[in-house]
Structure formats: structure tokens, C-alpha cells
Amino acid sequence: MEVLHILVFDEAHWGIAKESNSNRFFQRLSQQVTELVNNGKKPSLIILLVSATIKVLTRAMNEFQENERHRVNWRDLRLSQTATIRQRFAAPNYTGIMKLVVYNDVHSNLISKKNLVDRSSFVVEEYLSTLHYWKATVYDGNTQNDEWKTNGSWQLLKYLLTDDTNKEKIHGLFTAADYAPAGNHTALIRLQQIKDVTSLYEGIMKLFNEIRQIPGEADFRPFELIQLNNDCIWDELSDKARRHPSLQKVRNKCVIKHLHSLPCLILVVDKLGIGERLSSNCMAYDIRARYKGDPNNMDGQESTFVQDVGRCAGHSKPKALVLMAFSSTNNVDNPQMKDIIFPRVHGLMTKKNNLTIDHPENGAGVFSELKLFMIILEAEPQIGKTGAIMALLDILYSEHTKQSKSISPVSPPATTTSYNPSDLQTWTKKYCDILNKDYDINVNIEQLKNVFNSDNNFQRYHEMLKDLPEKTDLSENIFTSLEGVINGSSQKTPCKIIDCGCGLNGIFHTLLERLEDISHAIRVIGIDLHSDICKQVDFGNSTVMFQAIVGDMASNDEVVINNDPYDAVIYSLSLFENDISRHVEWTSQRLRTNGRLIIADVQRRFPADFEENVKKAGFRRHSKFQTKSFTIWVFTKKTEVSLQPSVCLNQY
């Protein structure tokens, strides 16, 4: 039987010295390939090398430079001058390293320190000094000296504190029992020694305690302070942070990316681990104590720098501020990322790009020996290399099974389910019958809630909805009807959406899947009768935020719903009542003018007078989508009306 062997070598720049385990593995592989060729056999082998800093493999790179069958440079493709190529490989919401903002600290006392250890100590002292000046300004009324605001450290701290030094505002912001549900930022400081991290950590905690001694400030906690040299982030979090809904599910499994909803200052000595991501709300990264030199002649290695600051890159991430301190700008007035050059590419190469004695290509070089079987994927940090690998494997598997005559195509295992096709209709009719009894609607809702909370009915029902053949089309059409609302919202405030009867497969999940198509923050409030909807909070990020409300969809009890006008209200397969007048009225009260009401259900539920009655309630038709079985009505709110017409659906 013919077998295709695929070897994926991710982070291919790492651990490849001549005497490394990975190089020894490739040496053995090269020997086996040579034996097969000598015996007249053709190896069925693909070796995929993946890295954001692959240039260390100089010989292989040079040999593959013009051969796109062996080398793929994703950045070149997505920035191609050819429109069709650029569109095909585009990543419109990707923030790459070149988009990060460089802040050059020209403080003479810092630049004069040639030793990185001395630089690190200076950075620690400056942070503590800046914080003490901030405290004196806010709590001691010392407004005579504001030079501290020119410190490099304040450029980072202002994302965690505030430029406003009004004591009353500070009290309201930083003594609240819980952190704000959104709008919080993370910042990271990379120092040179563990003792520096300890010193800065202890100094900040001491300052916090001093402020807590001030009358009325006992609960002062502006942000979380985390030392990454500890094993468990959860152990370092305050009770204020642990109560945050986004952490309830992960708890002691918490890693950096889970901190996306919290204000955090992270202190670290080593760069983050390979593949580890900074949270999506990271706004500043201080590496003044780790790199030095002129912008076009930096000390250190390009690969280390790219892997380091590359943690700030990613899809739908902000253009983070990267704090550096160049020895001199050498005629570069305002250095940008494109101006920063490291003559030394990698630790296995010299400044003149010669190979060191430990370089795997110094000598015969197994990478060159295996070049016929290699594909190099050169891609930027956090752009989605793993997803590209999985897609490639899927394509190779599909193509290989089609072309190989000696392999019978493998069919995927049949999905097992305990539900018949008619089960979804049966269950939906059952829930409709409960809500359309002659009793008081509140009694009916309470009965439906009891049904949902017994025998895992809620979970089983949403499993069936998730497997609905037309669910993808339905979700895509609802997303399409929201695009105008999302893109038309102010960049200064999140687009606000209420998903009524969100269940476990609501618009929130569709938005997460379409992050590349979303340009700014969206806040989704999901309402349903079962507390399981709260488990979805963990999956949010700084772009798409989710807040769960367990209760009736048209309840007026929830204060959080009654604040600002909303941009859209969605009812997707969630209106079990025949008379939906109360929902239309409730929606009208909460939508802004021109906000959208979206109702999706099976086609036969919409009577002939449905559109006309919704119009009488102060809406106008925007659009209408249809799939094989479903109709999606989209209305925009026109005016406030005193008329309250009856709006009904047909019996399910």
C-alpha cells in the first residue's frame, strides 16, 4: 500500500544546531531517503518547515528563492502588487510587526547605560519613581511637577491608570468591587534579571498598600500585577479578578490569552514561550532593558527580536506601543519598525551572515540533502500558520486519496446521534405549545424554564439546532444583515447587539468566526432561560464581548438592558409565542433610530400581514432573506409610536 509521509516541522528556526536532537533526526531521515533512492525507490515524502524567522536556513532559502513550489512567503503574497493574489491571501484585520508603534525613549541616563543589566535596573527605578509621582499628584495634591509624564514608563502606565488625576474619578475607577466588563488594557515589561522583576513587583505592591491606607481607598486595585516566573497565573490574581466572568471557566488553567478582559501589568524576564500569545487587549510592550544599539545596527539577533515583539501581532489586535531606547538614531528622526535592522540574523550566524561551526548547514547540511522533499512556509507571527498547516494536510490527504490506486478512499466515520430528523420539529412544537397556553405568560415562561432545566433538555435542543443542515446559511444571512450596522457604528463606542433567545449557538459565535471581517468592538448581550449561556463568556475577546442574562427575553427587570440605545436586536428561532407583540414593543423601546430588528424563523410561521403589522409598530422593511426552509426579516426602527398593533406568527 502506498503511503504519503508528511513531516511538519513547526518553529523550524528553533533548536536546529548541528548537534541538536532535531538535526540528528533529519540526518537519520536523510540516510533512509538515500537508501530508498539507491534501491530504485521513490520516497513519498513531504517535509513542511514553518517559521516566522526561517532566514537562518540560508542555503535552503537561497535555493528555494525563486521556486514557489518549495517556498511560500505569506507576507509577499498578501502584499502582492497583483490584485488577484493580494485578495486571495489577504488578512485585512491582521496587525503585523511593521504596524506596531515604536516609542524611542531618549532619556540620557538610560541611553548612557551600555550594559543591559544596568538598563534593567534603571527601568525598574523609573517605573517606581513615576508611580510615586502619580500618587503624590492624585492623593497629596502635588501638581507642581508633571515632568514625570514625559518618562517612558508613563507611556505604558497610562494605559493602566489614567491621565486624569482627579481624585474623585480615580476613586470611582479603581476602588470598584469589580473590574469593568470591557475596555481594559494589558501591558508587558520585559526585564533582564529575575531580581528586577521581584523588585518592581514588590515596589508596586507596596505602593498599592500605601494608597489603601488612605481613608476611603481600602479597596484600591487599578490593575492586576503578574510575574510570569511563577507557575500558575491564577494564584497571582486578586479576588477582584477571579470574580470576572471571563475567568470562571478556566480558573487554575488560566494563561496569558485569558486575560483579555482584565487590566493587567505583566512582568517577565524571558520572552514568552513559543506560540504563546499576548492577550488581545495588549497595548504596550516595554523592551528598553532587552535591546540596544542604533536602529539600523542593533545588538542581538533578528530572530529573537521578531519572535519577541511578534507576540503583539495577530488578528484584530491593536497597534501596540513598543518601548525602546536606541543608543543614537543615526539620522533616523522617528524610528519605525521598518527602520530596525539586526545585522545578525540568528545565534547560529555571525554579524556578516556567515555560518557558525554549529550551524546545521555548515558542511554537507541535511536541509540541502532533503531539499527535493521540502516546502518552506515563511509567515509572520500570529497570522495563522497552524490553520494553514491543517488546511494543507486536508488538501494533501484529499488529493492523495484521489490519485492513489492502491488506497481505498477513507470515508469519515458516520456521525452518531440519538435524534431522528423529526425530533427538532417535535421539540420546537412542544415548547411553542407551552408558551401559547391560555395561562398568564409569566406562568408559561416559568413552566418552559422548568422544562429547559430538567433532563439536559436545553443542551440537547441546541445540539439539534447546531446540526441543522441550514444553520450555516441562516447564520451567514443574519451576519450579512448586521454588517451595515457594525460598519456604521461609531469607532469610539462598541456596536451593541441584543441576541434574544441566544441559546448556545447565537450570533456571538458567528461573530467570533468572522473576526477578520470586523473592524471594531462589538458588545453582545445574550438572553435566555438557562444559565448555560453564561459559559460562553470565556470565549470573548477585546473585539467581540459577550454578556449573559438569564431570564425572559422581554423582561424589563434587567437594568443592564435599559441603559444606552442598542444597534440591533435579534430573534433567531427563538420566538415560541404566536403573539409576539410584546417582543416587538420591547425591541422598539431599546433600539436607536435606524437600529435593526432581525427575526428569523421557518417560512410558514410568517402570515401575510406580518410585514404590515411590524411597520405599524414603527419599523420599515430593510431586507428579506430566504433559505430553503427559513425566512429572515430585517426591519429598521423608524420612529417612536404610540400605536401598539398586534404582531403575530402562525402556529408552529
Side-chain angles (χ1 to χ4, degrees), residues 123-189 191 196-228 230 233-248 254 258-267 279 281-284 286 542 547 559-560 563:
V123 168
V124 170
E125 292 171 4
E126 188 196 64
Y127 271 102
L128 294 178
S129 173
T130 302
L131 284 167
H132 279 287
Y133 275 118
W134 179 84
K135 172 181 174 289
T137 303
V138 174
Y139 296 100
D140 302 334
N142 182 5
T143 58
Q144 301 302 313
N145 180 6
D146 61 357
E147 290 184 7
W148 56 274
K149 288 189 176 182
T150 65
N151 291 344
S153 54
W154 180 245
Q155 309 311 310
L156 178 145
L157 288 170
K158 66 184 180 183
Y159 288 108
L160 301 168
L161 298 173
T162 172
D163 273 321
D164 193 331
T165 53
N166 180 281
K167 186 175 179 180
E168 286 70 27
K169 289 185 178 180
I170 296 294
H171 175 81
L173 283 171
F174 299 146
T175 62
D178 296 298
Y179 288 118
N184 298 312
H185 297 135
T186 289
L188 189 143
I189 304 170
L191 299 168
D196 294 328
V197 168
T198 303
S199 178
L200 183 53
Y201 180 89
E202 292 177 349
I204 295 176
M205 294 304 290
K206 181 181 178 182
L207 181 82
F208 283 3
N209 288 329
E210 289 174 0
I211 295 176
R212 290 177 190 134
Q213 303 307 311
I214 300 172
E217 304 298 329
D219 296 323
F220 178 83
R221 184 84 190 199
F223 53 81
E224 296 299 304
L225 188 60
I226 296 170
Q227 305 176 84
L228 274 191
N230 284 352
I233 290 179
W234 179 260
D235 293 340
E236 294 195 61
L237 296 176
S238 68
D239 291 339
K240 185 175 180 178
R242 292 179 182 181
R243 287 194 300 269
H244 200 281
S246 66
L247 296 183
Q248 288 304 302
C254 176
H258 295 131
L259 304 176
H260 56 76
S261 297
L262 295 173
C264 294
L265 177 58
I266 301 171
L267 310 179
S279 54
N281 65 341
C282 183
M283 300 300 296
D286 189 343
S542 61
Q547 185 171 357
V559 177
V560 69
N563 293 334

Distance, nearest 0.5 Å, that separates [atom1] of [X] from [atom2] of [Y]:
| X | Y | atom1 | atom2 | result |
| --- | --- | --- | --- | --- |
| Leu128 | Lys206 | CG | NZ | 9.5 Å |
| Gln227 | Glu202 | CD | CD | 7.5 Å |
| Ile266 | Ile233 | CD1 | CD1 | 6.5 Å |
| Glu126 | Asp286 | CD | CG | 8.0 Å |

Quick one, [X] and [Y] - any side-chain contact, counting heavy atoms below 4.5 Å?
| X | Y | answer |
| --- | --- | --- |
| Ile211 | Val138 | no |
| Leu259 | Glu224 | no |
| His244 | Leu262 | yes |

Any donor-acceptor N or O pair under 3.5 Å, side chains [X], [Y]:
| X | Y | result |
| --- | --- | --- |
| Tyr133 | Asn151 | no |
| Ser279 | Asn281 | yes |
| Glu217 | Thr175 | no |

Any donor-acceptor N/O pair, Arg221 side chain to Asp239 backbone, under 3.5 Å: no

ring-ring contact (aromatic ring centres under 6.0 Å, His included) contacts touching residues 197-225 (sequence neighbours left out): Phe208-Phe220, Phe208-Phe223

Working for side chain to side chain donor-acceptor pair (under 3.5 Å), residues Thr165 and Thr137: CA-CA 7 Å; Thr165 53; Thr137 303; over 6 Å; no

All salt bridge (charged side-chain N to carboxylate O under 4.0 Å, His left out) counterparts of Arg242, not counting sequence neighbours: none

Member of Leu265, Leu188, Leu161 meeting the side chain to side chain contact (heavy atoms under 4.5 Å, CB included) criterion with Leu156: Leu265

Ring pair (Phe, Tyr, Trp, His ring centres under 6.0 Å) partners of Tyr139, counting only residues at least two apart: none

Which atom of Val124 lies closest to which atom of Ser199, heavy atoms considered: CG1-OG, 3.8 Å

